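Below is one structure, written out as structure tokens, with a few remarks after it.
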2 protein chains.
Amino acid sequence: MATGDGTVGKALEVLDRVAGFGRPVRFSELLAGSPYPKATLYRLLQTLVHQRMLTYDADRAAYAPGIRLVRLAHNAWTHSTLAPIARQHLDALAAEIGETVHLAQLDHAQVLYVDKRSSAVPVEMISQTGKVGPAYCTGIGKAMLAFLPLDLLDWVLSQQSFHAFTAATITSERALRRELEQIRAEGHAFDREEHEPGIICIAAPILTPKGGLLGGLSVTSTTRRRDLDDLAPLAPRLKATAVRIAADAESWHFPDQTPKPLPGRTGT
Amino acid sequence: MATGDGTVGKALEVLDRVAGFGRPVRFSELLAGSPYPKATLYRLLQTLVHQRMLTYDADRAAYAPGIRLVRLAHNAWTHSTLAPIARQHLDALAAEIGETVHLAQLDHAQVLYVDKRSSAVPVEMISQTGKVGPAYCTGIGKAMLAFLPLDLLDWVLSQQSFHAFTAATITSERALRRELEQIRAEGHAFDREEHEPGIICIAAPILTPKGGLLGGLSVTSTTRRRDLDDLAPLAPRLKATAVRIAADAESWHFPDQTPKPLPGRTGT
DNA sequence: CTTGGTTGTTCCATTATTCGGAACTTGGTT
DNA sequence: AACCAAGTTCCGAATAATGGAACAACCAAG
């Protein structure tokens with residue numbers, strides 16, 4: 001999975017890797033999984049720390065994501081996600097249905113949750129927002145995949161791991177494509193405990209009038225409270241909300257957030 | 001204000017600039033305020049877009065922060081800010097006092113708010129978290145500055161704009177240093193409508209047992225509800241909370257987040 | 001349809017940066 | 001004391017970034 005993009009690409013790859021650990025990480029740990037030689041990795045880390053994209057804790061000799069990222073993300077979240085536009089609609093939907101509502105967008109073949117309304121716990125924040133999850137085995141992921149342009153879909157599917165989280169997880173591209181077809185026909189997707197046992201959801205894509213994919217919307221519940229048949233009747237309300245969000249996005253002239261297939265830069 | 005750090009530094013500077021606009025921004029706007037020639041800036045932007053750190057909207061021909069940042073920030077916020085550690089303490093303090101509580105850290109001579117508990121308005125969030133504000137004219141900023149090591153303080157103060165937001169704003173380094181001395185003696189700071197008219201606050205630093213600066217904590221109110229004399233009695237509870245947060249941070253072995261003075265890297 | 005202006009994109013020889021093997025330092029272990 | 005692992009620095013070679021200038025694309029006015 002070549003990154004390209006010269007030094008900057010390499011630096012960001014390292015940044016991702018550090019962030020991915022989810023804990024302070026030592027030089028040697030990074031070196032182990034790195035394609036770069038010691039000296040190069042060292043310099044990249046130095047640069048990132050100097051730029052406050054990473055923090056270096058001298059005592060523990062470990063690197064962690066830096067707070068400059070938090071600051072940048074504030075802008076990104078406010079101006080480049082559906083969250084601010086969708087906020088009121090999420091509030092309304094969550095209040096009406098009384099279940100957890102998620103708003104997500106596709107990022108690099110993964111589901112990126114950009115906002116959430118939880119019925120139970122009142123507020124949370126980046127703690128939830130910013131999380132990523134698999135696309136092939138979540139309702140919201142499948143809902144988005146189903147409405148991706150075909151050429152992009154090919155690429156995105158090629159990036160899926162098809163790891164079997166539960167017994168119900170779809171583990172082959174063929175099976176997933178079949179399911180996506182159905183979702184396309186119905187306009188909404190279900191998560192049948194495919195990602196976590198006991199967790200089910202119904203999800204719909206958020207589409208521009210022209211059919212461009214903006215994001216996804218889902219209502220999540222547990223098998224203890226509801227089953228799929230209870231969820232299905234929510235589809236109309238879910239879709240109505242999605243349409244409203246899309247309309248607002250349109251009037252905000254929101255950019256079509258279709259993910260890029262990482263082309264070889266200067267075409268073939 | 002030379003950035004150094006080669007290409008990566010330049011790319012990140014451009015990223016900051018785009019984020020700073022707070023709205024989609026066109027190439028020419030960026031070019032205007034950029035030290036780089038057209039072709040160079042163009043390439044940097046290309047790279048950032050390709051890396052999904054920026055989004056490019058072809059219709060509007062404008063750049064905006066990318067969603068990859070949201071994802072990275074999730075990690076940064078979770079693992080490199082005081083927020084997760086302080087959460088319960090903020091909850092408790094906010095509930096007890098019934099006013100808005102802020103948690104902040106220093107980032108590059110500015111105040112970066114990393115969490116917030118608002119008494120009145122229930123929700124908001126990243127919309128608030130991730131925001132930056134001036135250090136020299138906010139209570140929380142001054143509280144942190146007062147406990148900065150002297151050499152760092154010199155640098156940080158040199159970065160302040162001393163813009164007069166209100167009639168009460170401290171507008172000279174000398175006056176600020178005098179105030180910081182007082183804050184150091186008392187252990188807490190006030191914002192006397194120095195940043196926004198009608199807004200006052202009391203703030204305390206969060207310090208390691210050894211005196212290292214971790215962050216700041218503040219209780220904000222309005223002149224309509226309280227005055228400074230009402231705020232002052234809150235100091236003990238504020239400080240107690242700060243101590244508790246510091247203790248938890250210690251046991252989590254939280255890295256000393258003292259900002260770096262951007263040294264010239266390898267000397268001249 | 002032509003001209004002129006503005007904005008955005010590409011080329012390519014030059015130049016400055018990054019690369020990475022190897023040597024070195026530091027701190028802990030047998 | 002000798003050794004080993006982890007982290008840091010050096011420096012010539014290799015590569016990638018630079019930026020001036022030419023080139024498109026678009027629009028408005030002549």
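Please read these numbers as outputs of a predicted model, since none were measured by experiment. Naming convention: chains lettered A, B, ... in sequence-line order (proteins, then strands); numbering from 1 in each chain.
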Qualifying salt bridge (charged side-chain N to carboxylate O under 4.0 Å, His left out) pairs, either residue in residues 61-73 of chain B, two or more places apart: A/Asp16-B/Arg68, A/Asp107-B/Arg71
Residue-phosphate contact under 4.0 Å: A/Thr40 side-chain N/O, C/dG20 OP1/OP2: yes
Value in whole Å for how far the C1' atom of C/dA22 lies from OH of A/Tyr42: 16 Å
Stretch residues 18-31 of chain A: residues that reach within less than 4.0 Å of DNA chain C through a heavy atom: none
Boundaries of the chain A footprint along DNA chain D (any atom under 4.0 Å from a heavy atom): D/dG7 to D/dA17
Gap between atoms OH and C1', on B/Tyr63 and C/dT7 respectively (whole Å): 11 Å
Parallel, tilted or perpendicular, as decided by the 30° and 60° cut-offs, for the rings of B/His195 and B/Phe165: perpendicular
Below 4.0 Å: OP1/OP2 of C/dT7 and any side-chain N or O of B/Lys38: no
Options C/dG21, C/dT17, C/dC19, nucleotide nearest the side-chain atoms of A/Ala39: C/dG21
d(CG, B/Asp57; P, C/dT7) in whole Å: 18 Å
Aromatic plane relationship, A/Tyr113 with A/His102 - under 30° parallel, 30 to 60° tilted, over 60° perpendicular: tilted
Separation between OG1 of A/Thr55 and NE2 of B/His79, rounded to the nearest 0.5 Å: 12.5 Å
D/dC4 pairs with, by Watson-Crick or G-U criteria that keep both distances under 3.5 Å: C/dG27
Gap between atoms CZ and C1', on B/Arg43 and C/dT15 respectively (whole Å): 13 Å
Nearest-Å distance for atom pair CG/P, residues B/Leu41 and C/dT10: 14 Å
